[in-house]
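Heads up, the thing below is written out as structure tokens.
The structure displayed is predicted, hence computed values, not measured ones.
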Amino acid sequence: MKKVDLAESAKARGRALMSRRGNVMKLLLAFLVCVTWAIFVTFALDAVTFYFLPHKYENIAMIFSFALTATVYSMADVWLLRMGVGAGQGRIELFDFGNRGNGSGFSSSVAAGLGFLSEIAMAAILYAYLEIFSPYVSRFLGQAVNGLCTLLTAFVVGVAIFYISTGLFFLGAVSRREKKGVFSLIALSFRAARGNRAKVVKFILSFALLTFLSLFSLGVFFFVYVLPLYILSYGAFTSEVLDYKEF
């Protein structure tokens with residue numbers, strides 16, 4: 001019996017959902033709302049920092065602005081993924097932050113923001129080592145030891161970020177099913193990822209070629225085809241995993 005490729009079967013289901021009238025248009029509209037909201041947050045923060053912060057803190061303000069914008073978009077991204085799950089259930093709604101049969105929309109958005117901030121914190125650990133501790137290690141223990149410590153720190157941070165990001169992969173799906181609080185949804189997502197991280201990586205990498213090809217269309221192909229396909233395929237992929245785990 002031929003083994004079914006879960007990533008490819010999910011993409012086939014995603015293409016079928018794309019053919020349904022209105023699905024793609026709703027997803028593209030939702031994506032534009034997410035981007036617009038993230039840009040608004042950036043501009044608002046930039047305006048505040050421009051008028052109230054001294055010029056010498058400009059670089060710090062830029063870093064904070066980028067982190068905040070990315071956090072806001074990561075929260076909105078869960079909304080998009082929830083729409084993909086909803087499309088597979090025959091209902092795709094633009095604004096499903098409420099709890100009217102759609103699980104914990106607001107809680108999942110907050111959970112996504114916390115998850116992204118935890119990844120930023122991991123990256124900050126690596127930055128802190130390179131900028132603060134590395135010179136002292138080189139001075140007292142030598143360049144070779146410092147290089148080894150740098151590689152070890154980068155490896156640990158990389159593993160932590162991979163663990164967090166794959167652990168939160170199912171957040172949009174479990175939040176569509178369960179009316180839970182922020183930390184309960186995070187725990188459910190990590191539970192769903194247990195034993196499925198390799199499948200998650202394979203699913204994400206299956207879109208690498210399409211994403212690369214979209215560069216030749218100046219991003220148009222990504223916007224009108226790859227993005228909706230990923231969101232709808234995500235719904236099919238996660239539903240298959242969660243149904244198997246009996247969530």
Side-chain angles (χ1 to χ4, degrees), residues 6-7 38-39 41-42 45-46 49 53-78 81 110-172 182-183 185-187 189-216 219 222 226-227 230 234 237 241:
L6 184 55
I39 292 174
V41 170
T42 302
L45 182 63
D46 287 346
T49 55
L53 279 184
H55 182 70
K56 63 180 180 179
Y57 297 119
E58 182 178 358
N59 290 336
I60 297 177
M62 288 178 61
I63 294 173
F64 182 73
S65 175
F66 171 77
L68 179 61
T69 304
T71 302
V72 169
Y73 185 78
S74 72
M75 297 170 71
D77 185 57
V78 173
L81 296 178
V110 175
L114 291 177
F116 182 81
L117 290 176
S118 66
E119 294 181 45
I120 290 292
M122 291 296 102
I125 291 175
L126 178 60
Y127 178 81
Y129 178 82
L130 294 174
E131 293 295 321
I132 299 174
F133 299 104
S134 179
Y136 295 101
V137 175
S138 295
R139 184 182 307 169
F140 296 107
L141 299 178
Q143 290 286 353
V145 174
N146 179 46
L148 182 62
C149 290
T150 300
L151 289 175
L152 180 61
T153 305
F155 174 76
V156 171
V157 167
V159 170
I161 291 177
F162 172 80
Y163 182 79
I164 294 170
S165 59
T166 53
L168 294 173
F169 177 81
F170 292 92
L171 187 58
V182 172
F183 296 104
L185 289 176
I186 292 176
S189 183
F190 271 85
R191 176 184 161 195
R194 193 180 305 145
N196 290 305
R197 282 185 163 82
K199 294 179 182 178
V200 170
V201 173
K202 186 176 182 180
F203 173 75
I204 295 173
L205 290 180
S206 69
F207 289 87
L209 179 59
L210 289 174
T211 303
F212 175 75
L213 292 176
S214 69
L215 296 176
F216 296 98
F222 176 83
V226 182
L227 178 67
Y230 178 82
Y234 168 88
F237 177 85
V241 172

Report task. Considering non-hydrogen atoms only, spot the tightest contact between A112 and V78 and give its length. Result -> CB-CG2, 3.2 Å
Query raised in the report: Shortest non-hydrogen contact from A7 to F203?
Result: CB-CA, 3.9 Å
Could you give the side-chain donor-acceptor pairs of residues 117-130 under 3.5 Å, partners two or more places apart or in another chain?
unit_1	atom_1	unit_2	atom_2	d
S118	OG	G115	O	2.5
Y129	OH	N146	OD1	3.0

Requested in this report: Measure across Q143 and S138 and return the closest heavy-atom pair with its distance rounded to 0.1 Å.
Outcome: OE1-OG, 3.7 Å
Requested in this report: Using atom types as modelled and distance alone, determine if a side-chain donor or acceptor of S189 lies under 3.5 Å from a backbone N or O of I186.
Outcome: no
Query raised in the report: Is it true that atom CZ of F140 has more than 12 heavy atoms of other residues, nucleotides or ligands lying nearer than 6.0 Å?
Result: yes
Query - Flag side-chain contact, heavy atom, 4.5 Å: V145 against C149 - result: yes
Could you pull out every donor-acceptor pair under 3.5 Å between side chains of residues 156-170 and any protein atom, sequence neighbours left out?
unit_1	atom_1	unit_2	atom_2	d
S165	OG	I161	O	2.9
S165	OG	F162	O	3.1
T166	OG1	F162	O	2.7
T166	OG1	Y163	O	3.3
T166	OG1	R197	NE	2.7

Report summary line: One should read off an interatomic distance between I204 CD1 and S206 OG, to the nearest 0.5 angstrom, of 8.5 Å
Query raised in the report: T71 and S74: which non-hydrogen atoms are nearest, and at how many Å?
Result: O-OG, 2.6 Å
**Report entry** Minimum-distance pair of heavy atoms, taken over all atoms of L171 and Y234
**Finding:** N-OH, 4.0 Å
Report summary line: Taken to the nearest 0.5 Å, the spacing of L114 CG from L185 CG works out to 11.5 Å
Query raised in the report: Are side-chain heavy atoms of L215 and F222 found at a separation under 4.5 Å?
Result: no
